[in-house]
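Here the structure comes first, spelled out in structure tokens, and everything after it is commentary.
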Amino acid sequence: MMKVTELHITSLLLPFALMLSGVTAQADDLAVNAPVTHQTTGEFEDIVFAVENAILNAGLLIEGHSHVGDMLARTKEDVGGGKDLYSHADVFTFCSASVSRQVMEADILNLQHCPYSIFLFETPEAPGQITVGRRAYGGSMQPAAELLDSIIADALMLD
């Protein structure tokens, strides 16, 4: 049987207390850390290949390769989209058992960040300019940030 603690009661009652007090939170009110991005030039598929190889060279298994740009282009008219956002946009997802163990032992809630991802895109306004990036992490997620930075540095041949 589940034991109800003060923390659980507070967690359950807090939304109602805020509602009664007239306090509301919108998505725009939440703090968002800007992603870490790098700019490079070249053919999009060449950069995709370099990122993919850098992930594999780090000894990691790619769990997913999402073609977000293709999906958005395919569904643009169906959802009332007004413009082409990307010429190309992909996201790679993968995990590292050792880094995940380290960050989750530091804070069990770091589970929310797994799997890790690296995104890359090209826009119609800047053909040949590719943005490669990752989510911004700090604190107990620093080992994951370092892993992602090293993969991106390998892919883009950064010093």
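Side chains are part of it too, since the values below use all heavy atoms of this structure and drop only hydrogens, waters and symmetry mates.
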Partners of [X] by side-chain contact (heavy atoms from CB on, under 4.5 Å), sequence neighbours excluded?
{"X": "A126", "answer": "T123, Q129"}
{"X": "H67", "answer": "H65, D70, D90"}
{"X": "T37", "answer": "P35, Q39, F119, T131"}
{"X": "S117", "answer": "V91, T93, R135"}

Identify the two heavy atoms, one from [X] and one from [Y], that lie closest to each other, and give their separation to 0.1 Å.
{"X": "V103", "Y": "A144", "answer": "CG1-N, 4.2 Å"}
{"X": "N110", "Y": "S140", "answer": "ND2-OG, 2.8 Å"}
{"X": "A136", "Y": "N33", "answer": "CB-CB, 3.8 Å"}
{"X": "S100", "Y": "C114", "answer": "OG-SG, 3.8 Å"}

Straight-line distance of [X] [atom1] to [Y] [atom2], nearest 0.5 Å:
{"X": "L85", "Y": "E125", "atom1": "CG", "atom2": "CD", "answer": "9.0 Å"}
{"X": "I55", "Y": "L61", "atom1": "CD1", "atom2": "CG", "answer": "10.0 Å"}
{"X": "H38", "Y": "I118", "atom1": "NE2", "atom2": "CD1", "answer": "9.5 Å"}

Problem - With sequence neighbours excluded, residues passing salt bridge (Lys or Arg N to Asp or Glu O under 4.0 Å) with D107 - result: none
Exercise for the section: With sequence neighbours left out, write down each residue that passes salt bridge (Lys or Arg N to Asp or Glu O under 4.0 Å) with E77, or none if nothing qualifies. Expected result: none
Practice task
Could you name each residue pair satisfying ring pair (Phe, Tyr, Trp, His ring centres under 6.0 Å) that touches residues 120-143, not counting sequence neighbours?
Solution key: Y86-F121, H113-Y137
Handout entry: ring-ring contact (aromatic ring centres under 6.0 Å, His included) involving F44 - partner list, sequence neighbours excluded
Key = H88
If hydrophobic clusters are built by linking Ile, Leu, Val, Met, Phe, Trp and Tyr wherever their side-chain heavy atoms come under 4.5 Å apart, do [X] and [Y] end up in the same one?
{"X": "M104", "Y": "L148", "value": "yes"}
{"X": "M157", "Y": "V36", "value": "no"}
{"X": "L56", "Y": "L120", "value": "yes"}
{"X": "I152", "Y": "F49", "value": "no"}
{"X": "I62", "Y": "V99", "value": "yes"}

Exercise for the section: Run the numbers on L156 and I47 for side chain to side chain contact (heavy atoms under 4.5 Å, CB included), then give the verdict. Expected result: CA-CA 8 Å; L156 301 182; I47 308 302; 4.2 Å; yes
Handout entry: Pairs touching residues 40-57 that satisfy side chain to side chain donor-acceptor pair (under 3.5 Å), sequence neighbours left out
Key = none
Practice task
List the steps, then state whether side chain to side chain contact (heavy atoms under 4.5 Å, CB included) holds for I151 with Y116.
Solution key: CA-CA 12 Å; I151 291 169; Y116 310 119; over 6 Å; no
Exercise for the section: Output yes when a side-chain donor or acceptor of E122 lies under 3.5 Å from a complementary backbone atom of I130, and no otherwise. Expected result: no
Problem - L147 and L60, any side-chain heavy atoms less than 4.5 Å apart - result: yes
Practice task
Please collect all salt bridge (Lys or Arg N to Asp or Glu O under 4.0 Å) contacts where either partner lies in residues 141-158, sequence neighbours excluded, each pair once.
Solution key: R134-D149
Problem - Residue pairs, two or more places apart or on separate chains, that pass salt bridge (Lys or Arg N to Asp or Glu O under 4.0 Å) and touch residues 79-88 - result: K76-D84
